[in-house]
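Each remark here refers to the structure printed beneath this line.
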There are 2 protein chains.
Amino acid sequence: MLDVPAPTTDAGRRLLTAAAELFYRHGITAVGVAGIATAAGVTKKTLYDCYGSKSALVATYLAERHRAWWAALQERVDAAPAPRALAVFAAYRDHGELPLELGCAFQRGAAELAGDHPGRAVIVAHKAAVRAEIERLLVEDLGGDRAGLADHLALLLEGATFQRGLDGTPDALDRAATHARSLLDGARVDTATP
Amino acid sequence: MLDVPAPTTDAGRRLLTAAAELFYRHGITAVGVAGIATAAGVTKKTLYDCYGSKSALVATYLAERHRAWWAALQERVDAAPAPRALAVFAAYRDHGELPLELGCAFQRGAAELAGDHPGRAVIVAHKAAVRAEIERLLVEDLGGDRAGLADHLALLLEGATFQRGLDGTPDALDRAATHARSLLDGARVDTATP
DNA sequence: CTCGAAGTAAACCGATCGGTATACATGGAC
DNA sequence: GTCCATGTATACCGATCGGTTTACTTCGAG
């Protein structure tokens, strides 16, 4: 994802793990580099040797989160029956390893990162990728032009994800999936290309 | 809104105005009390005399934002034709005074405020109020049980509001309104109580 | 005339911020 | 056998954090 520095060493990976936990739990601005280094059992110098700046570490955190999430999504999508777009809602409801009870890490990040922060580009790319994936699945499973429906589902998903972060339960995801299902029920399969 | 301290003096009001601007623009965690006091042309002591803590000032900022937003919403709703639920989308698209180009202040706040922060209760109450208002308008205009439709519209609205903050344009609100309209078109008026 | 509320100005508290510097250890590759 | 990457440990930089304190105005109400 973009040009973020990937961790190559052990220390770099431990730093990334510690940073991910702290950033997600307490917010990016609220977490200091010293705390990250301590949590990783590493010195600040090592952190700066590996990532160069807090901003770069933040961008890497988000890029790695996207990578892990995307892999989990593909697994689910591959195993799902048509219409597979519903599997995206299921993936947001619970994806194994990643913590989610505080809501979407990208939504949380977007609220804290200004327009010129390198992490913001990762967030924008992530959201665009999810949206494109929804549309791809719709077109492959239903045929025809599904841009409007994809947009509807993407917004629904985004709203439910926020709501989950607000009340701490995945209920909104379940409700959103129900709404999505009824939208898909109303969309006839279109095998002919217009 | 809840038990937040309302500003009574001139200095208190100027502090709130300055805090609102800075919190919304740069994030709550990233803004310090010294900066707020300076922007308001006031000393830190006055800030603490008026609000007692940064947390209380944050809660007041959110409560005031809700008050202003709610007043603007009611004005629009009162002037709107049925189905008036669409007016809520229009209100999110552009409401006169309040800045919105960075997205919803409550969504941004929710990403930064932990569960025990007094401001979080204001956010939860705000979102619940909007959702209840949508349902009220639906029931009054369409009749019947509209809980499911209200939930669908509320999630759609939430998602579009986040998207707006992400790309800086109100386009997502327009698209969400279109989706909402087609949902409402599919919902028959039900004058009889089941 | 006085008293208290509301304010300014400025110093102070300990802690933390992001980031840099210097000095030293380890261990595998050439 | 040496050299370089990777690391630890620690001190330091100036700035800022949320919050408190002391001393001094200013001004309207009683």
Partner set under salt bridge (Lys or Arg N to Asp or Glu O under 4.0 Å) for B:E64, not counting sequence neighbours:
B:R67
Distances under 3.5 Å between nitrogen or oxygen atoms of protein and nucleotides 7-14 of chain D:
residue : atom : partner : partner atom : Å
D:dG7   : OP1  : A:T9    : OG1          : 2.9
D:dG7   : OP1  : A:A11   : N            : 3.3
D:dG7   : OP2  : A:T9    : OG1          : 3.4
D:dT8   : OP1  : A:G41   : O            : 3.3
D:dT8   : OP2  : A:T46   : OG1          : 2.5

So, using side-chain hydrogen bond (donor to acceptor under 3.5 Å, both in side chains) as the criterion, who are the partners of B:T169 when residues are at least two apart?
B:D167, B:D171
To check you understand the geometry: which heavy-atom pair defines the closest contact between [X] and [Y], and what is its length?
X: A:H126; Y: A:Y92; result: NE2-OH, 3.7 Å
X: B:L86; Y: B:A177; result: CD2-O, 3.9 Å
X: A:R84; Y: A:D141; result: N-OD2, 2.7 Å

If I take atom [atom1] in residue [X] and atom [atom2] in nucleotide [N], what distance separates them, rounded to the nearest angstrom?
X: B:L47; N: C:dA6; atom1: CG; atom2: C1'; result: 14 Å
X: A:L15; N: C:dG18; atom1: CG; atom2: C1'; result: 15 Å
X: B:K54; N: D:dC17; atom1: NZ; atom2: P; result: 8 Å
X: B:I28; N: D:dC17; atom1: CD1; atom2: P; result: 15 Å

Does the Lys NZ or Arg CZ of B:R65 fall within the cation-pi geometry relative to B:Y24 - under 6.0 Å from the ring centre and within 45° of the axis?
yes
